[in-house]
Number of protein chains: 2
Amino acid sequence: MRRYFPILDWSRGYGRETLMADLVAAVIVTIMLIPQSLAYALLAGLPPEIGLYASIAPLLLYAVFGTSRTLAVGPVAVVSLMTAAAVGQLAQEGSAEYLGAALALALLSGVMLLAMGVLRLGFIANFLSHPVISGFITASGILIAAGQVPHLLGISASGHNLLELIGNVLTGLDGINPFTLMIGISATGFLFWSRGNLKKWLLHKGMSDLPATILTRAAPVAAVAVTTLAVWGFGLAQSGVAIVGDVPRGLPRPQLPPLDPDLWRAILVPALMISIVGYVETVSVAQTLAARRRQRIDPDQELVALGACNIGSALSGGFPVTGGFARSVVNFDAGAQTPAAGAFTALGMALAVMFLTPLLFFLPKATLAATIIVAVLTLVDPGALRRVFAYSRADGAAMAATLFVTLAFGVEPGIVAGVALSLFLHLYRTSRPHVAVVGQVPGTEHFRNVDRHAVITAPDVLTVRVDESLYFPNARFLEDFVQDRIARNPALRHLVLMCPAVNEVDASALESLETINRMLADGGVTLHLSEVKGPVMDRLRRSSFLEAMSGRVFLTQYDAMRALAPDLTARTLAACRRETQRAPLPD
Amino acid sequence: MRRYFPILDWSRGYGRETLMADLVAAVIVTIMLIPQSLAYALLAGLPPEIGLYASIAPLLLYAVFGTSRTLAVGPVAVVSLMTAAAVGQLAQEGSAEYLGAALALALLSGVMLLAMGVLRLGFIANFLSHPVISGFITASGILIAAGQVPHLLGISASGHNLLELIGNVLTGLDGINPFTLMIGISATGFLFWSRGNLKKWLLHKGMSDLPATILTRAAPVAAVAVTTLAVWGFGLAQSGVAIVGDVPRGLPRPQLPPLDPDLWRAILVPALMISIVGYVETVSVAQTLAARRRQRIDPDQELVALGACNIGSALSGGFPVTGGFARSVVNFDAGAQTPAAGAFTALGMALAVMFLTPLLFFLPKATLAATIIVAVLTLVDPGALRRVFAYSRADGAAMAATLFVTLAFGVEPGIVAGVALSLFLHLYRTSRPHVAVVGQVPGTEHFRNVDRHAVITAPDVLTVRVDESLYFPNARFLEDFVQDRIARNPALRHLVLMCPAVNEVDASALESLETINRMLADGGVTLHLSEVKGPVMDRLRRSSFLEAMSGRVFLTQYDAMRALAPDLTARTLAACRRETQRAPLPD
């Protein structure tokens, strides 16, 4: 029971010092979060106050169920993009159906996450390899940034994929609003500058480290304030600058998302994708931050927590949420000690939505677009593709495929393409395992690849080390390999399969071994095994293979050679003993 | 070029003896094939002569392109079932569209196989594990046999799955034709008896082995002849016994299958499934027979050959074909030496279709149904599920899933379910690898699991042997494991990752190793590697990990312990030397 309610753990010993640290962090995070929540709601195609609502209940629920001390949940860029892509196909942006579909998406995603957490299916997230995630996040960043450019220019353009978007922007260029463009360019420029240089400038001016960091992180708030004042002061709204407009005051009313079966069937796959992507992002962030403080997280409990957060978001008028990297790092750097910091942040957001929303009336959408663009372009890692490709062409191919398919067709096809390609390439590689013929390193009990080391082999004993588990993709490969070797080597009397790298022998491989055993016996060659792992041996004993096998199972390869080529081994060992007598080892 | 035309190989040295052997085999196989081809055409829902046509061109083409000396291609039970399932959804049985769709299916399948062969994609067939194939074949056998029971009873009933079929049979029982039932029961009984007992009886009567075998294999011909005579002699056709009827005489005219794009789109997936299943069956049979004679086959060329056979079948009015187990074994046992035996068989079938077809007029369909039932029930292996499950629950689950989904929903869903489950379970298993903490076996240079052997360990050095390649499904697992161990073990100063079982480190695992390196360094622990495989080391050198790693890479675990815990190792080695001096090894 304690596992499901981590609040019972960290709330022990909650004292005055921890409270102060959490409060300070909460204030800083709230200030940073207000513009970001508005921006991500607009990214998801929803009214801006929905972003504020989605930052209240989830943070409170995470404080109860979450295992990371510093993770902050709420709307994030990639999940907002996926929400817009999913809901945009089902309803018109701005309509009540659109909002209802977003709530349903959050509820369904929450239920899926909760179920996965209870069933301890957290390992499913591992099936997205890091290169696929990286390619997908880079492509999402590009898509998001490109999608915000029209807001910077004051034109209305959109597209289902990158090329369509670019085309619509180019055709709509004559509708640029100069004031919007000025606001957008200056906000973007300021935010890029502040990210790289503001802190250095403040430190140079004599400010100490922590306030400098905080001010740098609050730069978006400054941009929001200045541009809002400018629009209000100069009456730019009449000149065509799109503004946020009226944001309803007050807390969200608890509501149930629409329970239409057709709607739910339509959002089933997007909800699953959002759940998995959200979970992967949350766990990555949470583990990174936990490692810095030698803390642990419970990946399966994080599923439960995220599920609760999304259900809470749905019931309080929000949309799909997850742990966010930027906001969690801010929370961490601001000194948060426990998830109570997130709860206080939620209270701060609640106060903002109750009292501060009138101040947002004249906030230009171009400023929000600028904050999004600057935030996501930090996700784009251009050097990653080259690095990954240099290390592993298969991983590089999967990363490139994910990146291009996401840019061309959207997030869901991109992830599916990446995962499918990763799996296919992995199976392809294991279907052609590295097989080494090994011999004895003179003077030792070790056996190494004849192609890489100077080793001794016996003429009538062939030792083959298979560098892969034996299972269905490579079962036939071994049969072919053995058949080839006995054809080439008529003097052969023994074949030893050296198995230190064989972690599994599945049913298909077992049949192949039986075939190999018969094949060799027909040719007068005895089959032996050596260095079989404990778990593999346990399994083999449950079959009839060991009785049927013509030869023996040796614990070590050295034992095998002593039994099958005793003269050779004895000569080598005698040489070894003479060697050690000449140069005694240190005591 | 020679690779694509194996006929150039085996036709060398083709002399009189080989010719005689091939001719004898051809005669025997032709006799056996005639009723079987008729039966499988009916199974596919096609007119019986189509089965004869499909046994001519494919055999001739295989003689040119095939690499197996004894494989015989033509209509087989499972592919006929899949053809009926695919085409039955698109056209009415017996219509011209039905036949056109079957031709198109063969052509498309042939083109796919040819393309796969040229691209050397033969390894794809390895992705069907043996348990999945076994489950699918068993279920197909049950489905086929059940589908033939109405023909035995003289009623007309069918069903898309097993339960529907059983239901329709039970409701149609009042329409049983007693003569059909008698013919069906007696033919089935005779064929089952002959399969098990005829040979023994003939040998007992003094006949020698080869004629006895031949007569046993010709039992279906006897059943056909006797029942045809009975129907003709007693005029049973008027009493409601369904007969084959008029079979057109003469060779098939070359024809082009319909080239309708909608039709081709509809049969795209079934053609791919038929290609893969047909290829898997062909390669299994061909390799089994080749091994018996110490011959080799070329799996990628078999794809080319099978592609040519199917294209030839389509252009000569046939339907999808593949290498058949029963007919190939008969061919082998009858003494065939080269694929020329198949070519002569094709000539025999051509003669049959030109001259013998009037004899088939009164052939009762119940007899053909009996031959099918007896043939496929030998495919059903009830003990296999228990055996496989006892060895590997994952493989057993995949087999059971394939079996039940095939019975319930058909062959294509069954295969997809089986493959998906095999892959999922494999990934699940590798996402939780076996990780052993190892210590030194006293007196040796070997290191074994502390839980299974009595070994020596040093208090400040932890050696971890991961029994699995490091790749994306288990990348995070290792991070968790290491994090857990350093939390539990404050005295730790060195952690050695022993990698003899690590066959691959992909990009995701590389990032995990970098994370582990940093995590350990934060905690004051140095990370080392030992026994890294050559190919893995080559890869690691292409990254920056080795420079970043806090510790060293050791060639052997023993070297690592000598460097990191020299006192312990020296004491152990001294004990070893005293031991060997006491009991000298044999010279």
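Since this is a predicted model, take the numbers as computed values, not measurements. Just so you know, these numbers use all the heavy atoms, side chains as well, and skip hydrogens, waters and symmetry mates. Each chain gets a letter, A, B and so on, in the order its sequence line appears, and its residues count up from 1.
- Within the 4.5 angstrom heavy-atom criterion, no atom of L425(B) approaches chain A.
- No other option in L128(B), D480(B), T515(B), V502(B) has as many heavy-atom pairs under 4.5 Å with chain A as D480(B).
- Residue contact with chain A, scored on non-hydrogen atoms closer than 4.5 Å, is absent for T430(B).
- The CG atom of D300(A) lies 9.5 Å from the CG atom of L119(A); values are rounded to the nearest 0.5 Å.
- Considering SG of C499(A) and CD of E531(A), their distance stands at 9.0 Å, rounded to 0.5 Å.
- Among the candidates S544(B), A475(B), S422(B), S469(B), the residue making the largest number of heavy-atom pairs closer than 4.5 Å to chain A is S422(B).
- Residues satisfying the ring pair (Phe, Tyr, Trp, His ring centres under 6.0 Å) test with F472(B), not counting sequence neighbours, are none.
- The candidate with the highest count of non-hydrogen atom pairs below 4.5 Å against chain A, out of L510(B), N449(B), V388(B), is L510(B).
- Heavy-atom distances place both the backbone and the side chain of D484(B) under 4.5 Å from chain A.
- Neither the backbone nor the side chain of F545(B) comes within contact range of chain A; no heavy atom of the residue lies under 4.5 Å from a heavy atom of that chain.
- Looking at E479(A) and S512(A), their side chains do bring a donor and an acceptor atom within 3.5 Å of each other.
- Taking V505(A), N474(A), T556(A), D395(A) one by one and counting their heavy-atom pairs under 4.5 Å with chain B, the maximum is reached by D395(A).
- When only modelled atom types and interatomic distance are considered, T67(A) and E302(A) share a side-chain donor-acceptor pair under 3.5 Å.
- Ranked by heavy-atom pairs under 4.5 Å with chain A, the first of S392(B), A509(B), S431(B) is S392(B).
- E445(A) and H446(B) form a side-chain donor-acceptor contact under 3.5 Å, judged by distance and modelled atom types alone.
- In this structure, chain A has heavy atoms under 4.5 Å from both the backbone and the side chain of N503(B).
- Contact annotation for P433(A): neither backbone nor side-chain heavy atoms come within less than 4.5 Å of a heavy atom of chain B.
- Residue with the most contacts toward chain B among R429(A), R542(A), R518(A), R465(A): R429(A) (heavy-atom pairs, distance under 4.5 Å).
- For a residue to count as touching a neighbouring chain, one of its non-hydrogen atoms must lie under 4.5 Å from one of that chain's; by this rule F477(A) does not touch chain B.
- Contact record, L427(B) with P473(B): CD2-CG, 3.7 Å, taken as the closest heavy-atom pair.
- More than 12 heavy atoms of other residues, nucleotides or ligands shown are found within 6.0 angstrom of CZ on R120(B).
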For residues 532-541 of chain B, please give each side-chain donor-acceptor pair under 3.5 Å, one per line with the distance, not counting sequence neighbours.
residue, atom, partner, partner atom, Å
K533(B), NZ, P500(B), O, 2.4
D538(B), OD2, R452(A), NH2, 3.1
R539(B), NE, Y391(A), O, 3.3

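- Heavy-atom distances place no part of V132(B) under 4.5 Å from chain A, backbone and side chain included.
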